[in-house]
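Note on naming: letters A, B, ... go to the chains in the order of the sequence lines (proteins, then strands), and numbering restarts at 1 for each one.
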Number of protein chains: 2
Amino acid sequence: MNQEAAIAGFEALASAVRLDIYRLLIRQGPSGMVAGDIATALDLAPTNLSFHLKNLTRAGLLTVVQEGRYQRYRAHLPGMLELLAYLTEECCGGEPELCAEVVALSKRLGAQADSDRPLP
Amino acid sequence: MNQEAAIAGFEALASAVRLDIYRLLIRQGPSGMVAGDIATALDLAPTNLSFHLKNLTRAGLLTVVQEGRYQRYRAHLPGMLELLAYLTEECCGGEPELCAEVVALSKRLGAQADSDRPLP
DNA sequence: TTAACCCTACAAGTATTATTGAATTAATAC
DNA sequence: GTATTAATTCAATAATACTTGTAGGGTTAA
């Protein structure tokens with residue numbers, strides 16, 4: 001994870017619409033949702049939704065697969081954990097317990113995150 | 001943590017300058033750094049640095065205390081963990097192992113995060 | 001108290017992002 | 001084969017954030 005990718009990730013989450021989309025898909029879990037259902041659930045114009053879905057996907061926070069004429073989107077948790085790992089690299093010379101936990105989690109999941117990246 | 005606060009947090013991290021500042025302070029640990037030293041370390045104009053420090057602080061990602069004529073800034077980890085908790089609320093009906101870990105961490109630290117908030 | 005230093009507040013110019021509508025591609029249904 | 005549905009791309013407008021310079025408030029040193 002480099003700085004550019006991290007910025008793309010945080011930028012993706014720094015929008016009310018995209019945050020709603022992402023959390024909706026997190027709640028939805030592995031089944032994900034097709035674009036049209038997301039548009040209905042959040043009352044978004046198809047054009048606008050597509051713009052934000054693309055943003056989230058390019059940031060590595062969503063994956064998308066085609067199903068006939070539908071596009072199914074899913075939250076991509078490793079993308080989020082890579083962001084956490086990037087923030088906490090070389091964390092805390094002072095090592096409070098809290099910090100140690102975060103580092104352990106992000107390190108452990110960081111490796112696994114590299115194995116399945118969505119489209120660049 | 002509400003949507004507005006979450007957006008402020010992610011927006012704060014969605015800038016190269018602020019990401020550099022935040023990670024520098026994470027590395028620095030509990031000792032933190034005074035504004036002037038941050039400016040030197042990252043080669044930033046004082047005015048511009050002040051702008052970004054304020055942004056990060058208001059987002060709950062930094063704390064600041066006055067020390068004589070210096071301002072000492074520290075990374076505020078609970079702020080970051082609240083963001084993680086907000087993202088993963090009601091996460092994954094399907095419950096993969098990865099997801100459960102994230103939820104457990106964010107829930108556990110979420111409560112503690114509420115106890116010491118920086119300035120609004 | 002005068003001077004020097006640290007940092008922040010304000011204002012202006014520049015640049016980036018969000019939203020909308022029209023047109024396009026792609027897949028299914030008739 | 002034509003029509004219908006799903007989703008995206010493109011172009012234009014409106015809104016927002018980043019950077020820089022000047023000025024000001026507060027603290028320490030002479």
Identify whether any heavy atom of Arg72(A) sits under 4.0 Å from a base atom; if not, whether one sits that close to sugar-phosphate; answer base, sugar-phosphate or nothing.
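The answer is nothing, as Arg72(A) stays clear of every strand by at least 4.0 Å.
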Classify the nucleic acid contact of Ala35(B) as base, sugar-phosphate or nothing, counting any heavy atom under 4.0 Å across all strands shown.
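Result for Ala35(B) = sugar-phosphate.
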What is the distance from [atom1] of [X] to [atom2] of [N], rounded to the nearest Å?
X	N	atom1	atom2	result
Arg69(A)	dT24(C)	CZ	C1'	17 Å
Ile7(A)	dT17(C)	CD1	P	11 Å
Leu53(B)	dA9(C)	CG	P	11 Å
Asn55(A)	dA18(C)	CG	C1'	11 Å
Asp43(A)	dT20(C)	CG	C1'	14 Å
Leu56(A)	dT17(C)	CG	C1'	14 Å
Gln71(A)	dT25(C)	CD	C1'	11 Å
Leu49(B)	dC7(C)	CG	C1'	9 Å

Which is the 5'-most and which the 3'-most nucleotide of DNA chain D that has an atom under 4.0 Å from a heavy atom of chain A?
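First and last nucleotides in contact are dT4(D) to dC10(D).
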Hey, could you give me the [atom1]/[atom2] distance between [X] and [Y], rounded to the nearest 0.5 Å?
X	Y	atom1	atom2	value
Gln28(B)	Met33(B)	CD	CE	5.0 Å
His76(B)	Leu81(B)	NE2	CG	9.0 Å
Arg72(A)	Ile38(A)	CZ	CD1	9.5 Å

Find out whether [X] and [Y] are in side-chain contact, i.e. whether some heavy atom of one side chain is under 4.5 Å from a heavy atom of the other.
X	Y	answer
Arg18(B)	Phe51(B)	yes
Leu19(B)	Tyr86(A)	yes
Leu83(B)	Leu87(B)	no
Met80(A)	Leu13(A)	no

Considering the terminal five base pairs at each end of the helix from dC7(C)-dG24(D) to dC30(C)-dG1(D), what angle separates the two local helix axes, rounded to 10°?
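Both end axes considered, the difference amounts to 30°.
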When you match Glu67(A) and Arg18(A) each to their closest nucleotide on DNA chain C, which lands nearer the 5' end?
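The answer here is Arg18(A).
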Both Asn48(A) and Gln66(A) contact DNA chain C. Taking the nearest nucleotide for each, which residue is further toward the 5' end?
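Checking each residue's closest nucleotide, the 5'-ward one belongs to Asn48(A).
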Taking only side-chain nitrogens and oxygens of His52(A), does any of them come within less than 4.0 Å of OP1 or OP2 of dT19(C)?
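True: His52(A) side-chain N/O within range (under 4.0 Å) of dT19(C) OP1/OP2.
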Within the pair Tyr73(B) and dT8(C), is there a side-chain N or O less than 4.0 Å away from OP1 or OP2?
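True: Tyr73(B) side-chain N/O within range (under 4.0 Å) of dT8(C) OP1/OP2.
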Check the surroundings of atom CD in Glu4(A): do more than 12 heavy atoms from other residues, nucleotides or ligands lie under 6.0 Å from it?
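Atom CD in Glu4(A) is not crowded, with 12 or fewer foreign heavy atoms closer than 6.0 Å.
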Atom CG of Asp43(B): over 12 foreign heavy atoms under 6.0 Å
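Check fails, neighbour count at 12 or below.
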With no hydrogens and no angle check, do the side chains of Glu11(A) and Asn55(A) hold a donor and an acceptor under 3.5 Å apart?
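The criterion, which ignores hydrogens and geometry beyond distance, is not satisfied for Asn55(A) and Glu11(A).
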Which residue lies more 5' along DNA chain D, comparing Thr47(B) with Phe51(B) via nearest heavy atoms:
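Per heavy-atom nearest nucleotide, the more 5' residue is Phe51(B).
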